[in-house]
Amino acid sequence: MTALSPTVVAAIDDLELAARLVVEGLRTGGHRSPFHGYSTEFRQHRPYRAGDDLKYLDWKLFARSDRLYTRQFRETTNLSVMLVLDTSASMAFPESGVSKSRYAAVITAALAYLVSEQGHAVGLMTMHDGKFAYVPARGGRPHLRALLAQLDRVEPRGTWDPPRTIARGAQLLQRRGVVIAISDFYDAEEETRRELRHVVQRGHDVAMLQLLSPAELQLPFSGQVEIDELETHVRQLVDANAIGDAYRGAVREFLDRCRLHALRDGIDYALITTDMPPEQSLRDYLLRRNRRQAAGHTRSAGAK
Amino acid sequence: MIWQQPWAWVGLLAIAAPIIIHLLGLGRSPRHRFPTLRFFDVTRLAPTRRTQLRDPWLLLLRVAVFVAAVSALAQPFYRSAERERAFAASLARVVVLDTSVSVQRAGTLDSARRLAERLVAEADVGQVLETTEPALALDGAIAWLRLQPQRRALVVLSDFQLGALDLVSLRRVPDDIGLRLERIAGASLAFPVVSEHRIGSRTVRVVTTRTDSGATRYTQVEWTSRALVDSSAPLAVRVLAGDEERESVRAALDASFAVGARFVGLQDSVVATDSARGQVIAIVTLGSPQRSALLATARTPREPWMLQAIAALQSDVVLQETARSDVSGRDSAAGMVVAYASDDRPAVWAVEAAVEGRASLVLVTNTGAQSLSMTALPAAARAVGAPPIGTAELETDYLTDDLRTRLNREPATGLQRRVYAGAPNAVEGESDGRWLWLLVLLLLGAEGLFRRRLYSQRIESAAR
């Protein structure tokens, strides 16, 4: 099945339908959801193997039997996922075609749909004009519809405060969960990075979906043009020909920095451009996440 | 360097045109909304302000084209030593010849004309301006001299009556123009003199007499308008008189000379002007052999100019006063009475009749040829169409020889200014501006090449 182009998906007014189409595309590809709950209910013992986490050793049983056994648990709790969405004016770019905000809405809706369908809780966190607007993480189809309705009302405007929004989104999760931030991450780069690190340290699984348009990567202007910044409306005349190379170099450096810091801090990172089919973007991200988790398990297994 | 058309420098204002176009071009930069400015290098943004000139060398070339073109239009003329020598060796001269009544009366006009022609022949180029108003002719002479590329000299031949040419007029002559004032003999007018002066649409008539002590006395006696009489057409005054009246008529005509009549002499009993064209006034005396024949065919004047002339004659105070002192003793057969005698009978009356086949205003006298009114009549008739005489003609004083000598000066030898446009004897195109036009062409070529190369670079840059 050919993936739906971003133009087609963005043109669908019904966000739930768009999300379902994207998720259906994922299923057709035979991909499993990488979102798993955290098990807390004891299931069984198995003999200890080198590399197993010592905190799961049943010391009482060792004391009685003088043998090392590792405790195993059953998945009994739902996963909580908080989707933190950038709604600043910079997300309104490009003004013609598929904007970053619309693309982000489709991606967010698809993620919410995917998570909700698996019986997990999903919430939405945004900020408008310095005020938080959120939907708490819950499960169920009515809740999903409420979240999608809230998502549909989101309009990119003004600025946002990513560190506060991410921190507040993480706080809303009752227990360990997943925080997925979807943004271009232009604002407060260092503070945002620090806050994401804090969220990871608090035990949450954190993902950065960095969303950019191809025009932002390439600067497709020529000659002398006047640039009007969307968030601040500061205008500046630039000679696009003269500064094109320097601009593209600066963008590459910024993206490399974001990716390297995310890897270092244990954050899932994916760069998504608005010319990619949303289904493909999501698939790439989920595959990467699966691989990372599998690698983590392998490392754990190797350690045992 | 001499700039022959310095006003052309105003064209430098046109230099603003490429700059304005350039600035307007800057204002048309397309505007794009963009998420962030954080990746634009600040050090590279600074030179792209709206007022920053783009392609300064191209702009400089264009400005240079304008400057060179304007300089060429200003017609530069380089003052080389060779040109200075050529200038010093050549001379342009204007001779202003005073032909006023006083000069004519002195009988020196012909010799003055010969002198003027000789002076002009001595110069490389020259003109003779004959005028009754030398002061007014100076402006034209100066203007003509300004157009000449040679040294310039102005010569005035006049009797230098005070008022005809004064110091104020002479000081208007620029310093670089040489000045030579040559006196020719003049003769003041006989008195009494009747002169007229136009004040707007009105004409003031002045009678000047000389008292027994020799002092002149001016009396304004009246004013009138004579718009219908065509002063531009020659007015002929003919006197039809008998042989026995010959001497008396000559005396009367001498008196009329004072008001500008140009009689050439007596021919039998008829005195004619030098021109038979235009309007004709005939004076028929008592002893004229044609009197009976003319009166037989005469009728009341109906032509407007005749009526106008009759009105003027009726307003002529000298004619009226002299007629009042005469005795007529006769009545008029027809026509209109011009002046009454002391017995309240017509002294002069006017009819319209054909004189030598030409419709004329015929003034018939009832007084003798030696009467006072007969003396005043030719002068009054001539005054009807004569131009007014300047007051200077009444002057008996002249510019002193000492002052005249002090005003004389040689023409300047240094090359001053050369203006060729419109000069009748100018060497067309003799200006160093042609080299500047060549420079304009070269600059335009360079501008074209430079522009083409610049645009090619831009296209390549845009393609990348």
Side-chain angles (χ1 to χ4, degrees), chain A residues 86 88-96 99-101 156 159 183-189 210-255 257 274, chain B residues 15-65 446-464:
Chain A
D86 179 358
S88 65
S90 66
M91 295 294 283
F93 186 82
E95 292 175 305
S96 61
S99 69
K100 288 194 291 182
S101 66
T159 57
S183 169
D184 49 22
F185 294 102
Y186 286 150
D187 302 298
E189 182 184 344
Q210 189 162 28
L211 186 58
L212 297 178
S213 71
E216 287 170 276
L217 299 171
Q218 296 301 322
L219 192 69
F221 308 132
S222 62
Q224 187 165 279
V225 293
E226 191 176 33
I227 300 295
D228 180 2
E229 195 181 57
L230 283 166
E231 288 189 19
T232 60
H233 293 293
V234 173
R235 289 175 188 169
Q236 187 66 57
L237 271 174
V238 298
D239 186 343
N241 296 336
I243 67 164
D245 291 340
Y247 172 88
R248 285 182 279 276
V251 172
R252 269 197 306 275
E253 190 183 331
F254 168 68
L255 295 178
R257 199 164 56 239
T274 55
Chain B
I15 290 173
I19 297 171
I20 289 170
I21 290 169
H22 180 84
L23 291 178
L24 286 176
L26 285 181
R28 287 201 299 271
S29 298
R31 183 183 298 170
H32 295 286
R33 302 183 75 186
F34 208 68
T36 183
L37 286 169
R38 62 178 290 177
F39 303 120
F40 294 99
D41 188 350
V42 177
T43 57
R44 286 172 178 269
L45 289 179
T48 57
R49 289 170 310 187
R50 189 176 292 273
T51 51
Q52 195 255 334
L53 292 179
R54 190 171 55 187
D55 311 329
W57 288 108
L58 184 63
L59 184 64
L60 200 65
L61 265 176
R62 288 172 175 170
V63 168
V65 168
E447 191 266 350
L449 288 173
F450 194 75
R451 179 162 40 86
R452 204 167 298 166
R453 204 183 70 178
L454 209 63
Y455 288 173
S456 301
Q457 285 175 352
R458 282 195 193 155
I459 289 167
E460 285 172 15
S461 172
R464 280 202 302 272

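Treat the numbers as computed from the prediction; the structure is a model and nothing was measured. Here is the naming used below: chain letters follow the sequence lines, and residue numbers restart at 1 for every chain.
Checked for salt-bridge contact, Arg38(B) and Glu189(A) meet the test: a charged N lies under 4.0 Å from a carboxylate O.
Taking every heavy atom of both residues into account, Pro35(B) and Glu229(A) meet most closely at O-CG, 3.5 Å.
Ring-plane geometry between Tyr186(A) and Phe39(B) is classed as perpendicular, the angle between the planes exceeding 60 degrees on a 0 to 90 degree scale with a lower cut at 30.
Here the straight-line distance linking atom CD1 of Ile227(A) with atom CZ of Arg33(B) works out to 12.0 Å at 0.5 Å rounding. The structure places CG of Leu230(A) at 12.5 Å from NE2 of His32(B), a figure rounded to the nearest 0.5 Å.
Shown here are the side-chain contact (heavy atoms from CB on, under 4.5 Å) partners of Ser88(A), two or more places apart in sequence or in another chain: Asp86(A), Ser90(A), Met91(A), Trp160(A), Asp187(A), Glu231(A). In this structure, the ring pair (Phe, Tyr, Trp, His ring centres under 6.0 Å) partners of Phe93(A), at least two apart in sequence or on a different chain, are Phe34(B).
Using a 4.5 Å cut-off between heavy atoms, Glu95(A) contacts chain B through its side chain alone, with no backbone atom that close.
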